[in-house]
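Lettering follows sequence order; numbering is per chain, from 1.
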Amino acid sequence: MVSNAGLKFYLIKSDVMLFPDWAYKPTWSPGSRQIQLWHFLLELLARGEGGAIGWGGEWGEFVIRDPEKLARLWGERKGKPHMNYDKLSRALRYYYNKRILHKTKGKRFTYKFNFSKLILVNYPGYPPPAPPAPPAPSHQVIHHVFTSA
DNA sequence: CACGGAATCG
DNA sequence: CGATTCCGTG
């Protein structure tokens, strides 16, 4: 992992993933509030932990390989020992209206992040006035994905 | 499994 | 507000 100009880069299965700092808050920031579910999912995905959850075919798509294990992990993080996939998935469904996630229909346990909307929802000041970064060619494509609506 | 209303909580 | 809990419906 490499930090640079408020952005973090993660190497995952030979793909370079980029998350803005605010999007990668495994712990609670200055505001000191509880971890959010989609933060938690990005955290597991970024680590490429592989077991419970992993990236899917399309950009931003992910597949829950072991739903009950994921629920158990999530429950541990939140101190909810009775967490299960039924309840976790309800929380995911609430993300549909918030435009953070949507379901990949037909594909079991498969959802997809709306990365650009994620930025709008959680970082109202986006995009920053001056994004003058002279990015390395390898990062430029991905940076563009994030900055375009 | 997936969806979404409703009540409830911290 | 962002879940958690519970549950009826398809």
Side-chain angles (χ1 to χ4, degrees), chain A residues 1-131 139 142-149:
Chain A
M1 193 270 280
V2 173
S3 281
N4 186 323
L7 299 167
K8 294 184 179 184
F9 302 82
Y10 299 90
L11 240 72
I12 301 150
K13 285 191 276 187
S14 81
D15 289 324
V16 176
M17 305 295 296
L18 180 153
F19 303 135
D21 271 348
W22 57 260
Y24 190 78
K25 292 275 171 56
T27 59
W28 25 65
S29 29
S32 178
R33 65 190 200 288
Q34 278 241 47
I35 176 90
Q36 246 149 301
L37 177 53
W38 63 271
H39 281 34
F40 177 75
L41 297 179
L42 286 179
E43 184 187 325
L44 291 189
L45 287 165
R47 290 210 303 254
E49 193 249 350
I53 189 172
W55 291 113
E58 293 179 48
W59 168 257
E61 194 178 74
F62 63 93
V63 181
I64 300 170
R65 299 210 185 87
D66 190 339
E68 291 308 325
K69 181 181 178 183
L70 179 67
R72 187 176 52 74
L73 263 39
W74 174 233
E76 280 170 17
R77 178 66 68 93
K78 285 292 290 291
K80 296 285 172 187
H82 299 309
M83 182 51 58
N84 58 27
Y85 180 67
D86 181 49
K87 292 186 274 197
L88 187 152
S89 62
R90 184 67 189 93
L92 292 181
R93 268 173 252 130
Y94 273 130
Y95 284 154
Y96 298 170
N97 290 334
K98 297 181 182 177
R99 314 250 31 220
I100 292 173
L101 284 186
H102 63 80
K103 189 80 181 61
T104 302
K105 290 170 186 174
K107 293 186 184 176
R108 210 163 166 243
F109 304 130
T110 303
Y111 303 78
K112 189 171 167 181
F113 279 101
N114 299 325
F115 279 128
S116 56
K117 303 294 180 180
L118 219 58
I119 288 167
L120 295 177
V121 167
N122 295 280
Y123 192 43
Y126 197 86
H139 297 144
I142 291 158
H143 186 254
H144 182 260
V145 170
F146 267 97
T147 51
S148 58

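Using a 4.0 Å heavy-atom distance criterion, A/Lys105 is classed as making no nucleic acid contact.
Phosphate proximity of C/dG2 to A/Trp38: absent, as no side-chain N or O sits under 4.0 Å from OP1 or OP2. At C/dG2, none of the side-chain N or O atoms of A/Tyr95 fall inside 4.0 Å of OP1 or OP2 (strictly under the cut-off).
Taking atom CD1 on A/Ile35 and atom C1' on C/dC1, their separation rounds to 16 Å, with Å as the unit. When rounded to the nearest whole Å, the span between CZ of A/Phe40 and P of C/dG2 equals 18 Å. Between the P atom of C/dC1 and the CD1 atom of A/Ile100 lies a distance of 14 Å, rounded to the nearest Å. Look at CG on A/Asn97: it is 14 Å from C1' on C/dC1, rounded to the nearest Å. Atom CZ in A/Arg77 sits about 13 Å away from atom P in C/dT4, given to the nearest Å.
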Under the side chain to side chain contact (heavy atoms under 4.5 Å, CB included) criterion, do A/Phe40 and A/Ile53 qualify, and how do the steps go?
CA-CA 11 Å; A/Phe40 177 75; A/Ile53 189 172; over 6 Å; no

Go through A/Glu68 and A/Arg72 one step at a time and tell me if the salt bridge (charged side-chain N to carboxylate O under 4.0 Å, His left out) criterion holds.
CA-CA 6 Å; A/Glu68 291 308 325; A/Arg72 187 176 52 74; over 6 Å; no

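Annotation: A/Phe115 is in aromatic contact with A/Trp59 [ring centroid separation under 6.0 Å]. Annotation: A/Tyr111 is not in aromatic contact with A/Tyr95 [ring centroid separation under 6.0 Å not met].
Between A/Tyr85 and A/Phe109, the two ring planes are perpendicular [angle over 60°; tilted spans 30° to 60°].
On the nucleic acid side, DNA chain B contacts chain A at distances under 4.0 Å to non-hydrogen atoms, with the end points of that region at B/dC1 to B/dA7.
Here NZ of A/Lys112 is found 9.0 Å from NZ of A/Lys107. Values are rounded to the nearest 0.5 Å. To the nearest 0.5 Å, the span separating CZ on A/Arg77 from CD on A/Gln34 amounts to 10.0 Å.
A donor-acceptor distance shorter than 3.5 angstrom exists from the side chain of A/Lys103 to the backbone of A/Thr110, with no hydrogens or angles considered.
Considering every non-hydrogen atom in both A/Leu37 and A/Leu88, the closest pair reads CD2-O, 4.1 Å.
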Please list each protein N or O that sits under 3.5 Å from an N or O in nucleotides 5-10 of chain C, with the distance.
unit_1, atom_1, unit_2, atom_2, d
C/dT5, OP2, A/Lys87, NZ, 3.1

